[in-house]
Amino acid sequence: MSPVTIHKKVVILGSGPAGLTAAIYAARADLEPLVIDGPQPGGQLTITTDVENYPGFSAGIMGPILMDEFREQAIRFGTEIINTWIDKVDLSQRPFTLYGKESQDSADFSTIIKADTLIISTGASAKWLGIPGEAPIPEGLGGNGVSACATCDGFFFRDKPIVVVGGGDTAMEEALFLTKFASKVTLIHRRHEFRASKIMQDRVFASDKIDILWNTEVKEIHGTPETGVESITISNSESGETSNFPTQGVFIAIGHQPNTELFKGMLDMDDVGYLITEGKTMATNVPGVFACGDAQDSYYRQAITAAGTGCMAAIDAERFLAENEHQAGSNAASAE
Ligand code: NDP
């Protein structure tokens, strides 16, 4: 079957706080934006529980509910949202072209998207340690006792001892959340101090369900497909001493990697893969392509800052279109 072709003035790749805020602003500027959901529609907040620091919600709000609100607000002003797997882009000429498949495994492209401007809000994904036993089933125990998402998997560890690896806010949050289920949470950190915010550290120190192993690295995860995780090998980073530590769950919370692989060689990015934007704007090195949220922010990485940069990217795109109006097409869809 021939692919469907969609031509839009503003295409937004990713639907977390950055992408949906960009959509709200672009939609209110009458640009009828198209948002393309990524593999995790709504982004990282959809796998979190209480969001306590998003302004406007004095009693806090559940992450998935907050993202539903973002989505509804974007749709209300005329945003179209589609779910397609983009695995090829052409930024060499405007309109830019994005090639969409029904799923990652599909052989053919089902949707071709032409974009006068592109806003990249692909976010970031959890990082892994890269140790034996950590890989997803069937190679390792990932999904069978090893996880990077306490809110997704915590329920499976009721009354079991588990470990959380990391020393940032994510690790604190995961450890605290897991105390609701686990019999004991051991927080394992490679240094002798956390980098997490003081308020989160204080909550961890105050919990009688959380033990802390300082200066400790996890070297290997042991278990079988039948038993799940049984123990880990840990090593003291000062003495070099290695030992076996029994546990039934391992939560990795060591930060995130920007989802920018698709744009390698096309857009300027730093060594880690964060997209580089120009000065105070959200413009990348390719005119008409803008980046916002965790895909370009290695420093603040908050929902509110992601939303702020999404707003900026939409305003940048709107101004770019106004300045280059003679080149812009119109919003349309057709089958080729
Ligand atoms: P961070 O980069 O802040 O922390 C990552 C942690 O993992 C660090 O303690 C780091 O150790 C450790 N680490 C990294 N790589 C390895 C490795 N290979 N082996 C062992 N340990 C490793 O990431 P977070 O995801 O925690 O936080 C990201 C941002 O999101 C921060 O700005 C944070 O404030 C924010 N955030 C805010 C929340 C909130 O406000 N409620 C909740 C969650 C996150 P080391 O310290 O030695 O470098």
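As the structure lists them, so they are numbered: ligands from 1, and atoms in each ligand from 1.
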Salt bridge (Lys or Arg N to Asp or Glu O under 4.0 Å) pairs touching residues 252-276, sequence neighbours excluded, are Glu261-Lys264
Taking atom OG of Ser231 and atom CD of Glu220, what is their separation to the nearest 0.5 Å?
8.5 Å
Using atom types as modelled and distance alone, determine if a side-chain donor or acceptor of Thr227 lies under 3.5 Å from a backbone N or O of Gly223.
no
In this structure, CD1 of Ile81 is separated from CZ of Arg71 (nearest 0.5 Å) by 4.0 Å
Closest to atom 48 (O) of ligand 1 (judged by heavy-atom distance), picking from Glu217, Glu173, Arg195
Arg195
Would you mind finding which of Ala148, Ala126, Ala124, Gly167 brings a heavy atom closest to atom 6 (C) of ligand 1?
Gly167
Does some non-hydrogen atom of Gln302 fall short of 4.0 Å from ligand 1?
yes
Any atoms of ligand 1 less than 4.0 Å from a non-hydrogen atom of His256? List them with their elements.
25 (O)
Looking at ligand 1, would His189 count as a contact under a 4.0 Å heavy-atom criterion?
yes
Measure across His256 and Gln44 and return the closest heavy-atom pair with its distance rounded to 0.1 Å.
NE2-OE1, 3.3 Å
Quick check against the 3.5 Å criterion: does Thr46 have a side-chain atom that pairs as donor or acceptor with the backbone of Pro64?
no
Can a side-chain donor-acceptor contact be found between Asp211 and Thr186 if the only test is distance below 3.5 angstrom?
no
Lys8 side chain to Ile113 backbone, donor-acceptor under 3.5 Å
no
What atoms in ligand 1 come closer than 4.0 Å to a heavy atom of Arg191?
45 (P), 46 (O), 47 (O)
With the threshold set at under 4.0 angstrom, would you say Phe194 reaches ligand 1 through any of its heavy atoms?
no
If you count the atoms of ligand 1 from 1 in the order shown, which ones are under 4.0 Å from a heavy atom of Tyr300?
32 (O)
Check for me whether the distance between the ring centres of Phe181 and Phe157 falls short of 6.0 Å.
no
Ligand-residue contact atoms, ligand 1 with Arg301, heavy atoms, under 4.0 Å:
2 (O), 28 (C), 29 (C), 30 (O)
Where is the nearest protein heavy atom to atom 40 (O) of ligand 1: which residue, which atom, and how far?
Asn53 ND2, 3.0 Å
Candidates Ile131, Asp169, Thr170; heavy atom nearest atom 24 (P) of ligand 1 found on Thr170
Residue, atom name and distance, where the atom is the protein heavy atom closest to atom 11 (O) of ligand 1:
Arg190 NE, 3.2 Å
re atom 23 (O) of ligand 1, the protein heavy-atom contact at minimum distance is Gly255 CA, 3.6 Å
Nearest non-hydrogen contact with atom 7 (O) of ligand 1 belongs to which option: Ile304, Ile254, Thr216, Asp294?
Ile254
Can you name the salt bridge (Lys or Arg N to Asp or Glu O under 4.0 Å) partners of Arg28, sequence neighbours left out?
none
For Leu129, the ligand 1 atoms with a heavy-atom partner under 4.0 Å come out as 17 (C), 18 (N), 19 (N), 20 (C)
